[in-house]
Structure formats: structure tokens, C-alpha cells
Amino acid sequence: QVLLVESGGGLVQARGSLRLSCAPSGRTFTTYAMGWFRQAPGKEREFVATISWSGGATDYADSVKGRFTISRDNAKNTMYLQMNSLKPEDTAVYYCAARGTYFTSRSSNEYDYWGQGTQVTVSS
């Protein structure tokens, strides 16, 4: 069974930083594009960032551009989301996802595999 496992969430003060990690078990995702999404209470899941299979292409939601950085280390079969200058409105459950193509996508419908999510809470 394929499983994506997120880690690194927690409670942080505004303007602080966190780094999320996503590591799949059951298979390798080195040829898959991957992404991060988030869902705040009472809101729909939204796109955060995506990265191509090689790491050569990335894309970000406007709300996180310049503050968050998505990256991957295919040798470690792990993807990361470095989150800096965090704001209370970044509070959400963050999910990693993988899609069975090389290329990035902002649409959650185009992802095939999902993690269980990790909670990020930013206090003011």
C-alpha cells in the first residue's frame, strides 16, 4: 500500500518558521511531480506549492510566494516545504500529494496519492 507521510508540523509564533517533510513508503516517487495543499477549519482544501519530478520547476500560490519554498531530495525520496515569516492565516492542516506525471499542477484533482496531513498552527 502506498502511503505518504508528512512530518514537521506544530505550533509556532507569527513570523516564525517551520519545515515540513513528506516521505512516501511503499514505493519511490522520484519520477512523480508532488505538491503541498492545506485546509483550514471551515474552508476548502487549497493549493500551496508544487514541484516537478526533477525539482527544476516549481509553482506557488500567491499567498505564500516569497515566504515558502518547496524542494525535494530524490536521493532521499523526500519532499520539503520550508515556511518562513508565518502568519496566523497560514494555520491549517497541510497535506502532501503526488501525481503520476513529471509535471506540476495546482489542481488537487490531478493528484493520485495523499498523506494524512500535519497540523500547522501559527499564533499571533
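No hydrogens, no waters, no symmetry mates; every other heavy atom, side chains included, goes into these values. Counting begins at 1 with the first residue of the sequence.
- Within 6.0 Å of CD on Q116 lie no more than 12 heavy atoms contributed by other residues, nucleotides or ligands.
- Side-chain contact, E110 with S105: a donor N or O sits under 3.5 Å from an acceptor N or O.
- Applying the side-chain contact (heavy atoms from CB on, under 4.5 Å) test between L18 and each of L81, V122, V12, N84 identifies V12 as the sole match.
- Formation of a donor-acceptor pair under 3.5 Å by the T28 side chain with backbone atoms of T30 is not found in this model.
- The side chain to side chain donor-acceptor pair (under 3.5 Å) test applied to R67 returns D90, not counting sequence neighbours.
- Under the 4.5 Å side-chain criterion, counting only non-hydrogen atoms from C-beta, S108 is not in contact with Q39.
- Evaluation of the ring-ring contact (aromatic ring centres under 6.0 Å, His included) test over residues 69-110, restricted to residues two or more places apart or in two chains, returns W53-Y102.
- Side-chain atoms of R106 and D59, non-hydrogen and from C-beta on, do get closer than 4.5 Å to each other.
- Between Y60 and T69, some side-chain heavy-atom pair lies under the 4.5 Å cut-off.
- In this structure a side-chain-to-backbone donor-acceptor pair under 3.5 Å is present from N77 to F29.
- Screening W36, F37, F47 for a ring-ring contact (aromatic ring centres under 6.0 Å, His included) involving Y111 leaves a single residue, F37.
- Closest approach of G100 to D112, counting heavy atoms only: N-OD2, 2.8 Å.
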